[in-house]
2 protein chains.
Amino acid sequence: MALDSIDKEILRILQRDGRLSNRDLAAAVGLSAAPCLRRVQRLEEQGYISGYAALVDRDLVGRGLTVFVTVRLAQHTKHAIERFEAEVGKDPAVLECHWTAGETDYLLKVAVADLPGLDRFLLDRMTRIPGVATLQSGIAIRTVKHTTAVPVD
Amino acid sequence: MALDSIDKEILRILQRDGRLSNRDLAAAVGLSAAPCLRRVQRLEEQGYISGYAALVDRDLVGRGLTVFVTVRLAQHTKHAIERFEAEVGKDPAVLECHWTAGETDYLLKVAVADLPGLDRFLLDRMTRIPGVATLQSGIAIRTVKHTTAVPVD
DNA sequence: TCTGAAATTAATACCGC
DNA sequence: GCGGTATTAATTTCAGA
């Protein structure tokens with residue numbers, strides 16, 4: 001169940017290069033291919049590795065504007081919450097949605113093309129969801145750091 | 001330079017499964033292996049695909065608490081900005097850091113174990129950076145949605 | 001659990017279309 | 001550009017320490 005230092009090193013390496021060949025990974029952690037593969041498969045089966053993803057350049061595919069949108073609902077009925085979360089779940093521009101403690105209810109990370117795209121997202125999508133009371137947008141002028149790699153220690 | 005519909009489909013599929021074999025990818029987009037591989041290599045070379053990553057379960061590796069920290073600097077000197085960004089860049093708990101428009105200067109997405117871990121992050125790391133004036137933390141009670149897949153259209 | 005070799009499967013370069 | 005084939009390299013299984 002627990003991870004030893006080799007498992008942790010595997011997770012660190014695969015977070016940086018998810019397509020590293022098993023042979024190279026094995027060499028990097030000081031194992032031969034067979035046991036390395038078993039460890040990776042175990043990490044996948046037990047859910048430590050939930051998947052693999054190609055990372056796509058947002059600017060190049062025309063989604064270069066990242067915006068953090070905070071949402072407050074008018075009422076916290078079960079129906080309003082479920083409706084909002086369902087809408088957000090199927091909107092591909094919403095990369096993340098977190099139910100947060102504090103003044104606002106949700107924090108969304110949204111990928112749009114530009115300011116007109118943000119306008120359309122807010123007007124055509126968010127404000128049309130019943131129960132959405134207020135919306136505030138924090139525009140990312142520059143992304144200083146962006147990684148998918150969680151520290152494993 | 002531009003992407004046709006098959007390129008876009010490749011990006012969509014590889015964002016969902018970055019380790020799909022080239023043969024299966026080729027079948028999924030209706031090509032044979034050779035031209036499919038050529039397209040993937042082109043997407044990598046031209047930067048549309050910036051990399052591949054294993055996605056690691058945060059709860060299982062003891063980083064289950066996601067916190068959004070907003071930071072205000074005391075003064076916007078070149079030195080203070082560079083110092084802050086350098087510190088944040090090398091802190092593995094900081095998954096994202098965005099320079100934002102609006103009231104606060106930076107929005108950080110941080111992965112910690114629990115509330116004591118957040119406390120340590122704020123006290124031992126953030127408040128020790130010269131020039132950091134105020135910190136506010138928005139704790140993610142529940143993550144409704146979380147994807148690395150950018151819409152490609 | 002590891003190693004090392006064998007069998008299977010995939011990646012990739014080449015050529016004809 | 002694509003597709004098919006040949007070659008090369010990788011993954012994966014299995015016997016044995």
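Letters A, B, ... are given to chains in the order of the sequence lines, protein chains preceding strands, and every chain is numbered from 1.
- Going from atom CG of Leu3(B) over to atom C1' of dG1(D) covers 16 Å, rounded to whole Å.
- Rounded to an integer number of Å, the gap from CG of Leu31(B) to P of dG4(D) is 11 Å.
- By the side chain to side chain donor-acceptor pair (under 3.5 Å) test, Gln41(B) is found to be paired with no residue, residues two or more places apart in sequence or in another chain being considered.
- The shortest distance between the side-chain N/O atoms of Arg39(B) and the OP1/OP2 oxygens of dG1(D) is not below 4.0 Å.
- If you measure from atom CG of Asp4(B) to atom C1' of dC2(D), you get 13 Å, rounded to the nearest angstrom.
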Contacts table for residues 54-61 of chain A: side-chain donor-acceptor under 3.5 angstrom, sequence neighbours left out:
unit_1   : atom_1 : unit_2   : atom_2 : d
Asp57(A) : OD1    : Asp59(A) : N      : 3.0
Asp57(A) : OD1    : Leu60(A) : N      : 3.0
Arg58(A) : NH2    : Thr66(A) : OG1    : 2.9

Under 3.5 Å, which donor-acceptor pairs link side chains of residues 114-132 of chain B to any protein atom two or more places apart or in another chain?
unit_1    : atom_1 : unit_2    : atom_2 : d
Asp114(B) : OD1    : Gly117(B) : N      : 2.9
Thr127(B) : OG1    : Leu122(B) : O      : 3.4
Thr127(B) : OG1    : Leu123(B) : O      : 2.7

* When every nucleotide of nucleotides 9-15 of chain D is labelled 5' to 3' by its protein contacts under 4.0 Å (heavy atoms), B for base, S for sugar-phosphate only, - for none, what sequence of letters results? -> -SBBBB-

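- Side-chain contact check for Tyr52(A) and Glu44(A): at least one donor-acceptor pair (N or O, by modelled atom type) lies under 3.5 Å.
- Pairs engaging residues 31-42 of chain B under the salt bridge (charged side-chain N to carboxylate O under 4.0 Å, His left out) rule: Asp4(B)-Arg39(B), Asp7(B)-Arg39(B), Asp7(B)-Arg42(B) [sequence neighbours left out].
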Name the atoms and distances for all side-chain donor-acceptor pairs under 3.5 Å in residues 105-112 of chain A, with sequence neighbours left out.
unit_1    : atom_1 : unit_2    : atom_2 : d
Asp105(A) : OD1    : His76(A)  : NE2    : 3.1
Asp105(A) : OD2    : Leu73(A)  : N      : 2.7
Asp105(A) : OD2    : His76(A)  : NE2    : 2.8
Tyr106(A) : OH     : Glu85(A)  : OE2    : 2.7
Lys109(A) : NZ     : His146(A) : NE2    : 3.4
Lys109(A) : NZ     : Glu96(B)  : OE1    : 3.0
Lys109(A) : NZ     : Glu96(B)  : OE2    : 2.7

